[in-house]
Amino acid sequence: MRPRTNRDDYHTLSREQQVKLIRLRTGHNRLNAHMNRKFKLAPSPTCACSQEDQTAEHILQRCPLLDEERKEVWPSPTPLQTKLYGSRQELEKTTTFITSAGLIV
């Protein structure tokens, strides 16, 4: 098997960035929804905002507690698909957002 000569944007990121993205993409992460349902390690699947379950979609798109951080990274509305599968620049924005929000995924 020959090694890949061309690399997509995801594979040009650092290992730390790749890990954050794959955890967000697959749902196998340390957010309350997964930790409660899968391992019973979180008391509830609900986000600290109490509006809905803490999932990747919720924190990246709707959580009111993260509105300021979200608007700093994405001044205009950006689809979830772009945040998780977009260009290198978009993927870097997503990992920056997770870090600046103080979230551990």
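Reckoned from all heavy atoms, side chains included, excluding hydrogens, waters and symmetry mates. It should be emphasised that the depicted structure is a prediction, and the values quoted were computed from it without experimental measurement.
Among residues two or more places apart in sequence or in another chain, the side chain to side chain donor-acceptor pair (under 3.5 Å) test is passed with Arg62 by Glu52, Glu57. Qualifying side chain to side chain donor-acceptor pair (under 3.5 Å) partners for Asp9, counting only residues two or more places apart in sequence or in other chains: none. Every residue two or more places apart in sequence or in another chain was checked for a side chain to side chain contact (heavy atoms under 4.5 Å, CB included) with Ser50, and none qualifies. In this view, Ser100 satisfies the side chain to side chain donor-acceptor pair (under 3.5 Å) rule with no residue, not counting sequence neighbours.
The side-chain heavy atoms of Lys93 and Lys83, taken from C-beta on, include no pair separated by under 4.5 Å. Residues Leu91 and Leu21 form a side-chain contact, since some pair of their non-hydrogen atoms from C-beta on lies under 4.5 Å apart. Within the 4.5 Å cutoff, no side-chain heavy atoms of Pro45 are placed close to those of Gln54. Between Leu13 and Arg88, some side-chain heavy-atom pair lies under the 4.5 Å cut-off.
A side-chain hydrogen bond (donor to acceptor under 3.5 Å, both in side chains) with Lys20 is found for one member of Thr99, Thr94, Thr95 and no other, namely Thr99.
Think of Met35 as one node in a network of Ile, Leu, Val, Met, Phe, Trp and Tyr side chains linked at under 4.5 Å; its network also takes in Phe39, Leu41.
A donor-acceptor pair is defined here as one N or O able to donate and one able to accept, closer than 3.5 Å; such a pair exists between the side chain of Tyr10 and the backbone of Gln18. Side-chain atoms of Asp53 do not come within 3.5 Å of backbone N or O of Thr55 as any donor-acceptor pair.
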In residues 73-81, what donor-acceptor pairs under 3.5 Å come from side-chain atoms, sequence neighbours left out?
unit_1, atom_1, unit_2, atom_2, d
Trp74, NE1, Glu90, OE1, 3.3
Thr78, OG1, Ser76, O, 3.1

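Within 6.0 Å of the CZ atom in Arg25, the count of heavy atoms belonging to other residues, nucleotides or ligands exceeds 12.
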